[in-house]
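Chain letters run A, B, ... following the sequence lines, proteins first and then strands; every chain starts at 1. Heavy atoms only: backbone and side chains are in, while hydrogens, waters and symmetry mates are out.
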There are 2 protein chains.
Amino acid sequence: MPGDEEQVFRDFLAQKGRRWTPERQAVLREVFAHHDHFDAEELHRRLRERGLAVSRASVYRTLGLLVESGLVAEVFVEDGHMHYEHVYGHEHHCHLRCLGCRRIIEFRDEALPQVEARLAAAHQFQVTGHKLEVYGWCAACRGKQG
Amino acid sequence: MPGDEEQVFRDFLAQKGRRWTPERQAVLREVFAHHDHFDAEELHRRLRERGLAVSRASVYRTLGLLVESGLVAEVFVEDGHMHYEHVYGHEHHCHLRCLGCRRIIEFRDEALPQVEARLAAAHQFQVTGHKLEVYGWCAACRGKQG
DNA sequence: GCCGTTATTGAGATTCTATATCATCTATTT
DNA sequence: AAATAGATGATATAGAATCTCAATAACGGC
């Protein structure tokens with residue numbers, strides 16, 4: 001499946017009557033070229049640095065479509081704006097964040113599918129996903145708090 | 001403890017060398033007068049409607065202090081901006097959100113303290129909190145998706 | 001392959017959230 | 001009461017994200 005993201009996105013677009021364009025391809029490839037968290041402006045900057053002149057408007061528009069398609073997820077707000085990560089081809093994971101150095105550790109916990117199942121049953125919900133952020137202080141930053 | 005929030009906030013301010021002012025009192029009282037989620041502009045509007053002329057700047061500043069003190073929590077981003085709730089005097093809870101009607105159901109799950117404990121042990125973290133959002137489609141909105 | 005329809009693009013303007021500035025004011029200490 | 005230092009509010013500013021609209025290009029039909 002990894003590497004398939006382009007076909008998945010093209011299918012998603014086709015199914016919605018939207019078009020596959022060089023700009024969307026450039027954004028998609030840039031998003032899947034790195035494995036770290038990013039924001040819209042950074043994505044725009046990296047594309048320009050590569051010589052791919054995709055406008056800011058198209059970057060934001062494509063990012064919205066990528067989130068809608070499920071290939072990319074909104075991860076957290078930091079410095080007043082959203083940060084993203086690509087999720088297609090990766091096992092679902094959550095984030096442990098240090099309040100001191102802002103380091104982010106990804107983790108998986110087997111309890112979460114069970115939490116989802118309990119909620120679905122208790123509230124007649126069709127649960128499609130979750131976002132868990134755990135925060136605290138890493139060993140190195142302990143003591144800096146307060 | 002409920003009703004104590006004013007004293008807790010005053011202590012928090014004193015300990016930081018900050019001052020207790022009529023504006024901060026007005027904001028605190030408004031925040032604890034309702035049990036629903038709110039955003040900064042709504043809080044500002046409600047204060048003005050009550051005839052309490054607290055400036056937008058002071059509303060934002062006080063909200064920041066309330067979050068810092070732990071009396072109020074950032075809950076989620078919707079419509080491009082942060083939403084809050086007061087948490088002092090309430091058991092910690094998480095949010096189940098319907099992607100259709102945007103209804104929010106609060107829930108508690110006993111698995112989360114265990115998740116926190118596992119993370120603390122595995123990564124030498126001093127965990128101070130977590131934020132879990134589960135999303136999906138409620139019974140009434142099922143079928144509206146896609 | 002060409003044509004027509006219609007989504008897409010990009011530059012710039014706009015909207016909106018949130019913070020910064022700074023002169024004035026006020027809580028608190030001595 | 002005077003001095004110190006934090007707080008307030010009107011306004012300006014920064015920044016994120018969206019909207020506008022004319023020009024362009026993707027895609028389906030022929």
Side-chain angles (χ1 to χ4, degrees), chain A residues 6-7 9-31 37-48 50-69 72-84, chain B residues 6-7 9-31 37-48 50-69 72-84:
Chain A
E6 196 163 308
Q7 194 54 53
F9 194 41
R10 293 185 72 154
D11 291 347
F12 167 82
L13 291 172
Q15 176 229 328
K16 296 202 56 156
R18 317 294 296 274
R19 293 169 185 170
W20 175 245
T21 67
E23 289 80 7
R24 288 179 179 164
Q25 183 181 56
V27 171
L28 177 69
R29 290 192 174 171
E30 188 61 38
V31 164
H37 304 110
F38 63 92
D39 58 52
E41 292 299 321
E42 184 183 338
L43 181 56
H44 183 231
R45 184 177 47 70
R46 289 205 303 224
L47 284 161
R48 294 199 96 83
R50 281 198 177 205
L52 298 165
V54 181
S55 72
R56 173 173 286 106
S58 286
V59 169
Y60 276 97
R61 281 187 292 233
T62 304
L63 207 38
L65 289 167
L66 286 168
V67 170
E68 201 185 328
S69 75
V72 169
E74 297 182 333
V75 185
F76 51 77
V77 174
E78 193 165 86
D79 299 324
H81 59 271
M82 189 58 73
H83 289 69
Y84 304 84
Chain B
E6 197 163 310
Q7 195 54 53
F9 194 42
R10 293 184 72 154
D11 291 347
F12 167 82
L13 291 172
Q15 176 230 328
K16 295 202 56 154
R18 318 295 295 275
R19 293 173 184 164
W20 175 244
T21 67
E23 289 81 6
R24 289 178 178 164
Q25 183 180 56
V27 171
L28 176 71
R29 289 193 175 171
E30 187 61 39
V31 164
H37 303 110
F38 63 92
D39 59 50
E41 291 301 322
E42 184 184 338
L43 180 56
H44 182 231
R45 183 179 46 71
R46 290 204 303 223
L47 283 162
R48 295 198 94 83
R50 281 198 176 201
L52 297 164
V54 181
S55 71
R56 174 174 284 106
S58 286
V59 169
Y60 276 96
R61 281 187 292 234
T62 304
L63 206 37
L65 289 167
L66 286 168
V67 169
E68 202 185 327
S69 76
V72 169
E74 298 182 332
V75 185
F76 52 79
V77 174
E78 193 165 88
D79 298 323
H81 59 271
M82 189 57 72
H83 289 70
Y84 303 84

**Message:** Applying side-chain contact (heavy atoms from CB on, under 4.5 Å) to A:L28 and A:L66, what does each step give before you reach the verdict?
**Reply:** CA-CA 8 Å; A:L28 177 69; A:L66 286 168; 3.6 Å; yes
Quick note, salt bridge (charged side-chain N to carboxylate O under 4.0 Å, His left out) partners involving residues 72-83 of chain B, not counting sequence neighbours, are B:E78-B:R97, B:E78-B:R102, B:D79-B:R102
- Message: Quick check on D:dG9: is either OP1 or OP2 less than 4.0 Å from any side-chain nitrogen or oxygen of B:S58?
- Response: yes
note: B:L47, atom CG; D:dG9, atom C1'; distance rounded to Å ~ 14 Å
With five pairs defining each end axis, the helix from C:dG1-D:dC30 to C:dT30-D:dA1 comes out bent, to 10°, by 40°
Separation of C:dT6 atom P from A:K16 atom NZ, nearest Å, is 18 Å
Rounded to the nearest 0.5 angstrom, the CG-CZ distance for A:L65 and A:F9 is 5.0 Å
Per nearest nucleotide of DNA chain D, the residue lying toward the 5' end, B:G17 or B:A53, is B:G17
Output one line per pair: protein atom, nucleotide atom from nucleotides 16-21 of chain D, and distance, for all N/O pairs under 3.5 Å.
from   : atom 1 : to    : atom 2 : distance (Å)
D:dA17 : OP2    : A:Y60 : OH     : 3.2

| task | Anything under 30° is parallel, anything over 60° is perpendicular, the rest tilted; go ahead and classify A:F76 against A:H83. | result | parallel
Dump every N/O contact between nucleotides 27-30 of chain C and the protein below 3.5 Å, one line per pair.
from   : atom 1 : to    : atom 2 : distance (Å)
C:dA27 : N3     : B:R19 : NH1    : 3.4
C:dA27 : N3     : B:R19 : NH2    : 3.4

Contacts of B:Y60 meeting side-chain hydrogen bond (donor to acceptor under 3.5 Å, both in side chains) (sequence neighbours excluded), chain-then-number -> B:E41
Problem - Exam field: side chain A:H44 to backbone A:V54, donor-acceptor pair closer than 3.5 Å - result: yes
Between CG of B:L13 and P of D:dG6 the distance, given in whole Å, is 13 Å
Sorted by number, residues from residues 23-31 of chain B placing a heavy atom under 4.0 Å from DNA chain D are B:E23, B:R24
Between CG of A:L63 and P of C:dT9 the distance, given in whole Å, is 13 Å
